[in-house]
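A note on names: the letters A, B, ... follow the listed sequences, proteins ahead of strands, and every chain is numbered from 1.
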There are 2 protein chains.
Amino acid sequence: MKVTISDVAKLAGVSTATVSHTINHTRYVSEETRDRVMHAIAELGYTPDASARSFRTGKKRTIGFIVPDISNKFFATLVETLEEYLAQRDYHLVIANTKENMDREETNIRLLSAGLVDGLLVASTMEEFDRFDQLIPAAFPVVLVDRVFPVKKYGSVSVSNFQPIYRSVCRLAGKGDRRVGFIGGPERLSTTQERLSAYRQAVADCGLADEELLVQYGDFKDNSTLRCLDALLQQQCDGLIVANGLMATEIIMYLQQKGIQIGNGIDLVSFIDYNSSFNEVYANAMDSIVQPVDELGRAAGEQILRRIEEPESPVVEQVLSSTYHPHTMPISWNHSDR
Amino acid sequence: MKVTISDVAKLAGVSTATVSHTINHTRYVSEETRDRVMHAIAELGYTPDASARSFRTGKKRTIGFIVPDISNKFFATLVETLEEYLAQRDYHLVIANTKENMDREETNIRLLSAGLVDGLLVASTMEEFDRFDQLIPAAFPVVLVDRVFPVKKYGSVSVSNFQPIYRSVCRLAGKGDRRVGFIGGPERLSTTQERLSAYRQAVADCGLADEELLVQYGDFKDNSTLRCLDALLQQQCDGLIVANGLMATEIIMYLQQKGIQIGNGIDLVSFIDYNSSFNEVYANAMDSIVQPVDELGRAAGEQILRRIEEPESPVVEQVLSSTYHPHTMPISWNHSDR
DNA sequence: CTGAAAGCGCTTACAG
DNA sequence: CTGAAAGCGCTTACAG
């Protein structure tokens with residue numbers, strides 16, 4: 001049957017304490033004893049039981065990540081960098097997909113925080129802080145990722161897109177556009193809110209058309225992206241801010257399909273998911289905003305491990321910045337920039 | 001401190017056995033006793049410790065998934081459907097990303113099978129079966145996903161693309177193409193092999209140009225996709241089979257960039273990732289092959305749970321089929337199909 | 001330099 | 001209808 005530490009101890013003629021210590025290098029063991037133990041381990045093909053170990057120590061070396069949509073490239077990449085960061089430090093990653101559904105988020109937070117993971121990373125789809133807050137057991141390590149709450153109780157790592165969006169709108173204005181439309185994700189998300197407020201401020205500052213119908217929210221479902229686009233085209237937009245990487249691909253395809261030329265028929269500023277081939281191909285036709293997903297993943301990993309290993313360390317609210325890539329400009333207005 | 005089952009038992013004035021049984025509905029408990037227990041639980045805010053429970057029962061209710069590349073839409077979607085299937089059955093999903101690296105796969109299989117999960121789903125990047133086989137502890141539940149080995153020791157769920165590819169090549173031939181190029185993923189993968197053999201067989205049967213240079217392998221790194229495409233364009237291909245969803249987007253973008261029109265300058269047959277907007281937009285210009293990712297995820301979940309819950313059940317090798325979507329044809333050759 | 005033994009928080013025969 | 005108690009496989013003070 002299963003080989004346990006006692007079997008090893010017996011075969012090596014030592015105590016289980018000694019076996020444990022030689023495996024974990026946790027106290028001095030004479031060379032001779034160590035050899036005997038190692039041989040016994042090899043002979044029996046012993047592997048310490050991770051389950052027993054984590055039960056005993058209370059440490060699972062596992063982090064949970066509550067994601068709104070794994071198949072969204074942004075989150076998929078986040079999962080990837082996070083997994084890499086954690087694996088290097090001998091931590092595992094459990095993921096739970098909420099599909100932007102609050103009830104699923106609730107269930108998952110409950111399940112994972114009940115002794116399954118040492119800490120939780122959450123990109124919450126919740127609207128009210130209180131509902132979220134109630135789910136978290138006292139002193140349980142939690143770090144918010146990408147999406148934050150107004151109340152700053154938990155540590156967080158997020159991305160600010162204010163400056164890039166503000167600037168991109170100004171540039172469209174400088175180029176002569178008067179009606180700039182905005183397409184964002186679900187209105188309730190902090191990310192959407194911040195992006196929208198940057199847009200609004202720039203629109204006001206630059207004296208652009210400021211109409212309710214120039215702002216459209218997608219919900220990632222059905223063909224909401226196409227609906228948003230059509231609504232804005234009907235508004236005779238000459239510029240478009242696509243404030244969401246998931247929708248970017250679709251918008252570009254639809255524009256193409258409709259025979260509207262990017263950078264000519266309409267000016268486009270769009271979030272672009274890291275590593276996307278769009279990046280290179282459309283670099284000359286549109287402005288892009290790229291979020292630092294890799295840094296986001298690393299920072300999130302770093303913060304959650306710190307909360308776990310040093311519970312008393314201060315709660316930090318970390319904000320990274322996206323980078324703005326104006327497209328390669330025609331010589332004629334090369335000067336207007338910077 | 002932590003509230004345990006004993007605290008609840010004490011407060012309710014019953015034994016821990018009774019508390020355990022009322023929680024798990026595992027033997028009859030009188031209504032009165034049950035009430036007392038439930039109240040005690042509520043009063044103390046007790047949550048059973050998942051770690052202790054799984055240690056005791058030996059069941060973790062967790063499945064591990066070894067993925068070659070999470071940020072690849074195909075696998076991301078697979079993870080998504082899998083997570084959903086498992087969550088419905090109260091199982092969790094741990095993922096490990098190997099980045100197509102055999103050493104990372106080895107490490108991850110070792111770690112996860114050492115008591116962290118009840119079973120393992122693997123989309124292996126390994127070439128030799130033996131190396132893989134050695135890593136799996138005796139009788140440990142394993143199901144291969146998407147990629148299989150010639151030796152049929154483990155259960156598997158994979159997708160056959162033979163028929164769709166064969167047929168698509170024939171249709172290109174029927175349309176008059178003579179030089180059809182093939183772009184696939186890494187040569188060592190079983191999926192690439194199968195796709196290639198369908199291509200080769202069709203090329204031979206239809207009497208198309210059969211040249212080594214018409215077959216190109218990408219490795220998902222650097223700009224290998226562009227290199228493949230350029231190599232094939234240099235071969236004067238009039239048709240192109242892109243046998244990998246990841247490369248499809250790039251190929252389309254590059255062709256567009258080069259000003260080569262799909263369906264006119266070159267005929268394209270391409271794998272398309274499920275849910276991609278390409279699907280709709282290019283439906284009229286190219287043939288597409290869509291893999292049943294959702295079914296794949298469900299079938300994988302089903303099989304691994306069966307292996308865990310009924311270890312003696314027969315090892316099955318499940319093969320799903322992709323669907324072939326010929327593009328909407330010009331009337332002129334509406335007859336040649338079927 | 002090493003061992004005997006308690007104990008982490010549950011579940012589950014066994015007994016009544 | 002319920003309880004007393006063993007035990008899952010480790011780690012870790014405590015003791016020598």
Under the 6.0 Å and 45° cation-pi test, does [X] pair with [Y]?
| X | Y | value |
| --- | --- | --- |
| Arg61(B) | Tyr91(B) | yes |
| Arg131(B) | Phe129(B) | no |
| Arg89(A) | Tyr85(A) | yes |

Between [X] ([atom1]) and [N] ([atom2]), how many Å, whole number?
| X | N | atom1 | atom2 | answer |
| --- | --- | --- | --- | --- |
| Tyr28(A) | dT2(C) | OH | P | 8 Å |
| His25(B) | dT2(D) | NE2 | C1' | 17 Å |
| Glu31(A) | dC1(C) | CD | C1' | 14 Å |
| Lys60(A) | dG9(C) | NZ | C1' | 11 Å |
| His21(A) | dC14(D) | NE2 | P | 13 Å |
| Arg27(B) | dA15(C) | CZ | P | 14 Å |
| Arg61(B) | dT11(C) | CZ | P | 13 Å |
| Glu32(A) | dT2(C) | CD | C1' | 12 Å |

Quick check for you: to the nearest 0.5 Å, what is the distance between [X] atom [atom1] and [Y] atom [atom2]?
| X | Y | atom1 | atom2 | value |
| --- | --- | --- | --- | --- |
| Asp146(B) | Ser190(B) | CG | OG | 7.0 Å |
| Ile23(B) | Ile5(B) | CD1 | CD1 | 5.0 Å |
| Lys60(A) | Ile308(A) | NZ | CD1 | 10.0 Å |

State whether [X] places a side-chain N or O below 4.0 Å from either non-bridging phosphate oxygen (OP1 or OP2) of [N].
| X | N | answer |
| --- | --- | --- |
| Ser30(B) | dT2(D) | yes |
| Thr4(A) | dG9(D) | no |
| Thr57(A) | dT11(D) | no |

Checklist entry - So which heavy atom on Gly155(B) is nearest to which on Val315(B), and how close? => result N-CG1, 3.3 Å
Next on the checklist: Counting the atoms with a prime plus P, OP1 and OP2 as sugar-phosphate, which does Thr16(B) contact under 4.0 Å by heavy atoms, base, sugar-phosphate, or nothing?
Outcome noted: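 Result for Thr16(B) = base.
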Checklist entry - Heavy atoms under 4.0 Å, any strand shown: does Ser20(A) hit a base, just sugar-phosphate, or nothing? => result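 Answer is base: heavy atoms of Ser20(A) come under 4.0 Å of a base.
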Checklist outcome for this item: Taking a pair to mean Watson-Crick or G-U wobble geometry with both distances below 3.5 Å, dC1(C) pairs with dG16(D)
Checklist entry - Taking the side chain of Val29(B) as heavy atoms from C-beta outward, which of dC10(D), dT2(D), dG3(C) is closest to it? => result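 Per side-chain heavy atoms of Val29(B), the pick is dT2(D).
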Next on the checklist: The criterion is side chain to side chain donor-acceptor pair (under 3.5 Å); which residues satisfy it with Asp133(B), sequence neighbours excluded?
Outcome noted: Lys153(B), Tyr154(B)
Checklist entry - Which parts of residues 110-120 of chain A get close to DNA chain D, meaning a heavy atom less than 4.0 angstrom away? => result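 Nucleic-acid contacts, sorted: none.
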Next on the checklist: Using a strict heavy-atom distance below 4.0 Å, which residues from residues 37-56 of chain B are in contact with DNA chain D?
Outcome noted: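 Those residues are Phe55(B), Arg56(B).
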Next on the checklist: Using a strict threshold of under 4.0 Å (side-chain N to carboxylate O), is an ion pair present between Asp7(B) and Lys2(B)?
Outcome noted: no
Item to check | Matching residue for Ile63(A) among Leu82(A), Ile304(A), Val117(A) - test: side chain to side chain contact (heavy atoms under 4.5 Å, CB included) | outcome: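 Exactly one candidate clears the test, Ile304(A).
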